[in-house]
Amino acid sequence: MFLAAFFVEMALITYRGVQTSATGPIAHLVLPADYVGAAVIYGVLGLLGKTKAEPVAAAVAWGFVVATLLNLWTPKNPVHIGTTKKAVA
């Protein structure tokens with residue numbers, strides 16, 4: 001279950017990296033930090049899968065896949081909940 005989510009996540013990261021890359025000599029390279037971050041997250045979720053928290057860990061793993069697919073959060077465009085207004089003096 002976690003391995004499938006991990007492979008789908010890697011495919012989505014690669015696809016997003018290739019689609020949003022700029023032109024130039026490294027146009028189709030994805031940052032290794034993207035892969036390492038996903039590997040660490042799914043590694044921890046895989047360890048949780050050996051406990052009674054397996055359904056929750058699987059739901060979180062596939063939730064990350066859905067969030068990546070829908071592009072809900074990216075480092076360049078983080079999601080801000082609520083709005084901030086300047087204080088009136």
Enquirer: Report the residues that fulfil side-chain contact (heavy atoms from CB on, under 4.5 Å) with Leu12, sequence neighbours left out, ordered by chain and then residue number.
Expert: Val8, Val65, Thr68, Leu69
Enquirer: Check for me, please, whether Phe2 and Phe7 land in the same ILVMFWY cluster - side-chain distances under 4.5 Å, paths through other members count.
Expert: yes
Enquirer: Closest approach of Ala38 and Glu9, non-hydrogen atoms and distance?
Expert: CB-CG, 4.3 Å
Enquirer: Please report the shortest heavy-atom distance between Gly49 and Ala57, naming the atom on each side.
Expert: N-CB, 4.5 Å
Enquirer: Would you kindly confirm whether Leu3 and Tyr42 end up in one hydrophobic cluster when ILVMFWY residues are joined by side chain heavy atoms under 4.5 Å apart?
Expert: yes
Enquirer: For the atom pair CZ (Phe6) and OH (Tyr35), what is the distance rounded to the nearest 0.5 Å?
Expert: 10.0 Å
